[in-house]
Number of protein chains: 2
Amino acid sequence: MTLTKTEEDYLKALFHLSLENESDKAGTNQVAEYLGLSPASVNNMLKKLKGKDLVAYEKYGKLTLTESGKSVAVRLIRKHRLWETFLFKHMNFTWDEVHEVAEQLEHIQSSKLISELDKFLGHPKRDPHGAIIPNEQGEYSLEPHITLASLQVGDTCRLTSVRDSSVPFLQYVSRIGLALSSRIRVAEVQAFDGSMTIETEGNAYTVSKKFAEHVFVEKI
Amino acid sequence: MTLTKTEEDYLKALFHLSLENESDKAGTNQVAEYLGLSPASVNNMLKKLKGKDLVAYEKYGKLTLTESGKSVAVRLIRKHRLWETFLFKHMNFTWDEVHEVAEQLEHIQSSKLISELDKFLGHPKRDPHGAIIPNEQGEYSLEPHITLASLQVGDTCRLTSVRDSSVPFLQYVSRIGLALSSRIRVAEVQAFDGSMTIETEGNAYTVSKKFAEHVFVEKI
DNA sequence: TATTTATATTAGACAAAGCTAACTTTTTAT
DNA sequence: ATAAAAAGTTAGCTTTGTCTAATATAAATA
Ligand SMILES: [Mn+2]
Ligand SMILES: [Mn+2]
Ligand SMILES: [Mn+2]
Ligand SMILES: [Mn+2]
């Protein structure tokens, strides 16, 4: 009944891709791309996960997690984000360093450790990237994901979270003086390519549309 | 160059068995017994570890760790004991609960995490079982291991550490009111089987020779 | 010394998770 | 509607780490 680290990582990938895909489904090749594996390997694992009733799909059809599969994925995400919070708050890790180590720590099997860690951290609501941490029952609120890219010239907002945990992206965000809760004003948007000039703390930076799509904000 | 969890566990087993074996060597069957595997599996792995210059032996001969193998083992033991200390001091684990989870945590790959954890814990010298934690350079002092069983009637001592991390043993130690630093007086020793009656905190208990051999003490 | 017992090794099989190359089905574009 | 492209599947091979059964060597005992 205990899943391997590998099986857990597949379920987590399926969960993330299903969320992004608004159809709430994912494809084999997409999973392969996401995990850096061949489609053949993914197909092979999907058969196994279907056999364990964690994933549902028809041959040549799209993939969904079963309730059971979703539950495993959410508990894993909870562990991942609690560990990231621990590393950031108590181990002096920067927000671009936490993900890689949390990717390992999330697979530690000990329910006592997780509930104690949660208590130790003061039941945090968000991880160092602003992502919401599911509670002990696996419940979590999906907040509206408004991207910086969707704002108009003159709009003001606060940075709530980032889409991506990749090191280059997070370092870039920091380098231009942004962090969680940063106040941002949209000063200019290029019709040509969506490039955006933003102001924060008195400084102005021009960022690509791609960048702006990876930054989640709330309007103020 | 990075070793698998399995390879690491073999090296740790060899290190522990070599220490116990006063010959400073271990046997294939002994490793198999210790890890709960077949001798064939162990032999197979030993070939691989010999190929990586972590273990040295001749066919049908006894096993020793190379300097390189010893260094891996000691670093692993350091991580194990630091994690046990963390679980015990900050996660409300009892001393019989820490080992199992530390067995997983010791394989997390992050030198930053270990050095920060060490700092966070205040550079502890001993783990929750009284075992000495090697320092960052892999240095550690082997203190004289005097067992309770070696004492005479009338001797008084202090419990410094325990040989074993098994749950039943540790729970038994606690149940008779012993813990690290407990003061113990030997009240009686049976010539027949080495059973020993000990006094601690005003209470008296009779324990087997086997038990007394698993308790390390310093005379006072 | 000869025999028995203990210890170590080899051969061959299996499960997990990955790969490439070839093939099938579905989707998209002409 | 057909052809081309994309997505998904299958077949067959590899590596890692395990097993059992058979065999070889070393140690202990008679
Ligand atoms: Mn992971
Ligand atoms: Mn995160
Ligand atoms: Mn281990
Ligand atoms: Mn210990």
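Proteins get letters first, then strands, A, B, ... in listed order; numbering begins at 1 in each.
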Partners passing side chain to side chain donor-acceptor pair (under 3.5 Å) against Gln152(B) (at least two apart in sequence or in another chain) = none
request  = Dot-bracket notation for DNA chain D is requested: 5' to 3', Watson-Crick or G-U wobble pairs only, both distances under 3.5 Å, with ( ), [ ], | and . as defined.
outcome  = ||||||||||||||||||||||||||||||
query = Whole-Å distance between dT16(D) P and Met45(B) CE?
reply = 10 Å
request  = May I have the distance from Glu7(B) (atom CD) to dT15(D) (atom P), rounded to whole angstrom?
outcome  = 15 Å
key: For Lys52(B), all residues meeting salt bridge (charged side-chain N to carboxylate O under 4.0 Å, His left out), sequence neighbours excluded   = Glu7(B)
Every protein N/O lying under 3.5 Å from an N/O of nucleotides 9-11 of chain D:
unit_1: dT9(D); atom_1: OP1; unit_2: Tyr60(A); atom_2: N; d: 3.0
unit_1: dT9(D); atom_1: OP2; unit_2: Thr28(A); atom_2: OG1; d: 3.4
unit_1: dT9(D); atom_1: OP2; unit_2: Asn43(A); atom_2: ND2; d: 2.3
unit_1: dT9(D); atom_1: O5'; unit_2: Asn43(A); atom_2: ND2; d: 2.9
unit_1: dT10(D); atom_1: OP1; unit_2: Lys59(A); atom_2: NZ; d: 3.0
unit_1: dT10(D); atom_1: OP2; unit_2: Lys47(A); atom_2: NZ; d: 3.3

ask   = Are Lys112(A) and Glu97(B) close enough for a salt bridge, meaning some N to O gap below 4.0 Å?
value = yes
request  = Can you tell me the distance, in whole Å, between the OH atom of Tyr10(A) and the P atom of dA16(C)?
outcome  = 14 Å
message = Once you measure the plane-to-plane angle for His90(A) and Phe120(A), does it fall in the parallel (<30°), tilted (30-60°) or perpendicular (>60°) bin?
response = tilted
message = Distance check needed: dA16(C) P versus Lys5(B) NZ, whole Å only.
response = 17 Å
Lys/Arg N to Asp/Glu carboxylate O, Glu116(A) vs Lys119(A), below 4.0 Å = yes
Interatomic distance where CD belongs to Gln30(B) and P belongs to dT9(C) [whole Å] = 14 Å
request  = May I ask you to say what Lys62(B) touches in the nucleic acid, namely base, sugar-phosphate or nothing, with a heavy-atom cut-off under 4.0 Å?
outcome  = sugar-phosphate
ask   = What is the distance from CG of Leu17(B) to C1' of dA8(C), rounded to the nearest Å?
value = 16 Å
ask   = Is it true that Arg126(A) and Glu143(A) have a side-chain N and a carboxylate O under 4.0 angstrom from each other?
value = yes
task = Give the rounded distance in Å between these two atoms: NZ of Lys50(A) and P of dG8(D).
result = 14 Å
query = Taking only residues two or more places apart in sequence or in another chain, which ones pass ring-ring contact (aromatic ring centres under 6.0 Å, His included) with Phe216(A)?
reply = His145(A)
task = Just call it for Thr6(A): base, sugar-phosphate, or nothing, with non-hydrogen atoms closer than 4.0 Å on any strand.
result = sugar-phosphate
key: salt bridge (charged side-chain N to carboxylate O under 4.0 Å, His left out) partners of Lys125(B), counting only residues at least two apart   = none
Cation-pi, Tyr57(A) ring and Lys62(A) (6.0 angstrom, 45 degrees) = no
